[in-house]
Amino acid sequence: MADHDCICTQDKVKEYLELMAKNAGISDLTDPALAAYISDSDGLRHLRDLFHYPKCGSLPDVDASLVDPSSDCIYLCGHSLGLMPKATERVMNEQLQKWARMGVYGHLSGDLPWAYCDEAAIEGVARLVGATKSEVSVCNGLTVNIHVLLTAFYKPTEQRHKILLESRAFPSDHYAIESQIRLKGRNPEESMIVMMPRDGEECLRTEDILQKIQEEGDQIAVVFLPGVQYYTGQLFNIHTITMEAHKKGCLVGWDLAHAYGNVPLQLHYWDVDFACWCSYKYGCTGAGGIAGLFIHDRFKEDKRDRMLGWWSHKMSSRFQMTNELDLDEGAAGYRISNPPIHLVAPLMGSLEVFNSVSMDDLRSRSCYLTGYMEFLIKHFFDEASPHRRSKISVKIITPAEFHERGCQLSLRFSVPIDLVYKELTKRGVAVDKRYPHVIRVAPIHLYNNYTDVRRFITALQVVVLSVKGDKNGRSFVTEFENRRHDYGVHVQHYIDVDPNNVPTLSSSFEVVTSNIVLLYAGSEIAEKIFNDLKNTTISKVWLINEDASYSKNLPRGSKPFEISLPKHLRAVTVNDPPFVYSIPASNPNDCQGLGEVEVPLSGIDTASVPNSSIDRSFQFSLHLNDSYGAVVVSHDSRDFSLSGALWELDNDKADLAIGGMSVNPEREHYVDFSEPWLYHGIKILEKSQNPSVSTMQSFLQPLQSSLWTALFVAVALIGLAIYLLDLSSPFHKFYSVKLITENGVSSNQKYWKTPIFIQNLKKVNLR
Ligand SMILES: Cc1ncc(COP(=O)(O)O)c(C=O)c1O
């Protein structure tokens with residue numbers, strides 16, 4: 001059996017279009033009428049009706065003034081989430097109703113007993129991946145299955161401990177591999193071989209992978225690669241890579257997230273050791289749908305250590321609950337938990353569609369559909385195409401060879417993808433963007449047709465024209481302006497360049513002391529700017545847009561030295577002798593134009609500083625201001641204004657202020673002071689507002705009036721306490737004194753009389 005059976009080529013697509021155009025009596029291959037004609041005569045067109053196909057009006061970012069909300073949207077995002085098969089709704093509802101009707105009995109009764117529901121899907125799934133039934137399980141999520149498989153198959157030894165993966169591996173795969181290496185007590189830096197495409201290329205070449213395996217195969221425990229690469233859409237040569245890696249004694253595993261349901265697979269025949277996939281992309285099982293795994297029959301009897309659960313146990317004795325594991329065979333023995341019916345039901349729904357058509361027919365349809373899209377993109381947007389109407393060009397980074405790709409094309413634009421993506425979504429186009437550079441589009445062989453593809457091209461034609469309006473960076477600058485305040489970014493200078501007449505910028509750049517330059521320009525203009533600023537660019541950090549990055553003379557190579565050291569130091573001072581900066585002058589003319597002055601290095605203790613560490617090109621300039629300035633804060637403390645030298649510092653007119661300025665909290669709030677170089681003991685004396693003070697006032701002055709009051713109250717309370725203690729004292733008995741007080745109050749009465757006492761106390765002369 002041939003690998004990735006695809007005998008289609010771009011020439012064949014063209015031949016097919018020409019034939020169909022002839023049949024339809026259409027002369028232009030890009031004519032939307034041709035797309036409509038092919039869609040109508042397509043033998044698999046009925047598949048679209050098996051799906052719920054969304055309308056423009058139900059997509060969240062659609063602008064109803066640009067598209068008819070009741071029309072079909074342009075759904076080209078099945079590589080991310082496939083559309084919902086109508087059958088799924090039915091199967092799901094059946095299971096929900098069964099649950100409502102019979103509760104726990106649903107585990108073993110009904111047409112899809114939940115306890116074995118996953119097994120009902122095995123045949124269909126095995127067919128899609130080219131495996132025997134014992135080689136496939138459906139369980140868990142994709143990343144969990146990567147862990148399940150690597151836990152069992154990655155058994156590093158001193159000699160063989162490396163895992164070969166690709167540099168753009170999906171983050172989840174990368175993390176899973178990294179963590180597995182650590183969990184096995186090894187260091188990812190030593191045990192991960194991360195393969196990068198060649199310089200200037202997007203995709204890995206099979207020959208380079210094979211060479212790497214040849215070179216390092218003896219140390220490679222596992223080769224783990226994607227069937228279809230998520231970013232570029234590249235379809236790897238699974239068979240050849242697996243065979244070559246086996247020759248070197250490596251195990252080979254594949255992440256088939258973007259291959260399952262997309263391209264025909266022959267995992268058994270290709271001798272793949274293990275593989276896993278998710279089912280929610282081309283498999284159309286809904287977000288987070290159940291994943292699958294493949295273990296070659298070679299390992300059917302193999303009882304290697306792995307992650308276990310009660311579902312790893314053979315069904316025949318599973319429920320005897322003996323805690324003595326009777327491991328199930330093949331892929332079934334890698335299951336852990338009981339199958340989730342709410343995830344299996346959508347899988348059953350999707351298999352109803354896949355079972356109604358052969359994967360080869362789907363692949364053939366897919367090749368022509370994607371080939372048609374490629375033809376139109378090249379026709380209208382390729383940089384070299386005479387039909388390109390917009391400045392914006394599109395490059396397809398997915399391999400051009402049909403046997404090296406599935407249905408996805410990854411498009412790289414000559415402008416930032418966000419701009420294009422936003423405009424597309426407004427027009428009812430569902431695609432996705434993947435940073436750093438691509439928009440992924442995939443006409444899906446199950447439910448898309450030629451008209452969807454042609455409508456996408458029309459939308460893109462409009463979009464590139466509207467995005468083109470930003471070629472001078474207007475909306476970029478507006479967006480930047482809106483956001484920079486949140487981050488406190490200060491802009492020193494804006495330079496607007498007319499694209500038709502790029503001026504010489506070197507003179508405007510002389511005043512630019514900022515270390516960071518933000519450039520938004522087309523590649524040609526950027527090239528002129530970099531040329532013009534050859535000497536200046538080197539000392540700056542340039543943040544540039546993608547298009548500008550295509551300019552051939554990008555400043556490169558040297559570390560910007562100005563990032564921490566400005567070349568100019570602008571000092572401000574106040575004519576305030578004796579603290580003024582002075583320059584020895586031999587005649588009065590020397591004192592004129594106190595503008596830019598070279599600092600004489602002799603003024604520094606050069607003896608103790610190595611000559612090489614002083615930057616002699618440093619420019620020092622000094623100018624005068626009338627005052628050091630003050631901080632005036634508004635009444636509600638929300639606003640403030642600065643004046644004099646302080647204002648200059650705050651407004652970036654000076655880097656430094658020199659002078660005898662006193663350090664006070666208000667000033668410190670807005671500027672940083674150096675350590676004071678003079679502490680003087682001088683106090684400021686102020687004339688009192690109320691000089692005449694009476695003798696009594698001067699007696700009371702050391703204590704505040706509140707303290708005096710507290711003192712008097714304390715004395716009164718102590719007196720009262722002593723009096724009360726005295727009255728209830730038992731010593732009266734010993735002295736046989738009548739329990740009548742001097743003022744005739746009995747001991748029972750005394751508590752009642754206390755308030756009166758307190759009143760009278762005021763009259764008592766305390767001694
Ligand atoms: C290539 C690849 N690997 C792994 C994942 C992670 O899948 P999951 O979140 O289902 O574990 C994805 C998800 O899109 C993927 O595309």
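Given the structure is predicted, the values throughout are model-derived calculations rather than measurements. All ligand and atom numbering here is 1-based and tracks the order in the structure. Note that these values count all heavy atoms, side chains included, but never hydrogens, waters or copies made by symmetry.
Glu215 and Lys248 are not joined by a salt bridge, as no carboxylate oxygen comes within less than 4.0 angstrom of a charged side-chain nitrogen.
The aromatic rings of His239 and Tyr269 sit tilted, their planes meeting at an angle between 30° and 60°.
Proximity annotation for atom 6 (C) of ligand 1: of Asp255, Ile290, Thr143, Thr143 comes nearest, heavy atoms only.
The distance between the ring centers of His296 and Trp270 does not fall below 6.0 angstrom. Here Tyr260 and Tyr282 keep their ring centres 6.0 angstrom or further from each other.
In this structure, Arg440 forms no cation-pi arrangement with Tyr231, as its terminal cationic atom is not both closer than 6.0 Å to the ring centre and no more than 45° off the ring axis. The cationic atom of Arg127 (NZ for Lys, CZ for Arg) does not lie both less than 6.0 Å from the six-membered ring centre of Phe354 and within 45° of the ring axis.
Protein heavy atom closest to atom 16 (O) of ligand 1, with residue, atom name and distance, is His258 NE2, 2.9 Å. In this structure, the protein non-hydrogen atom closest to atom 9 (O) of ligand 1 is Tyr280 OH, 3.6 Å. When hydrogens are left out, the protein atom nearest atom 12 (C) of ligand 1 is Phe170 CE2, 3.3 Å; that is the closest non-hydrogen contact.
Neither the backbone nor the side chain of Ile146 comes within 4.0 Å of ligand 1, counting heavy atoms alone.
The ligand atoms of ligand 1 that sit less than 4.0 angstrom from a heavy atom of Asp173 are 2 (C), 3 (N), 4 (C). Atom numbering of ligand 1 starts at 1 in the shown order; those under 4.0 Å from a heavy atom of Lys281 are 13 (C), 14 (O), 16 (O).
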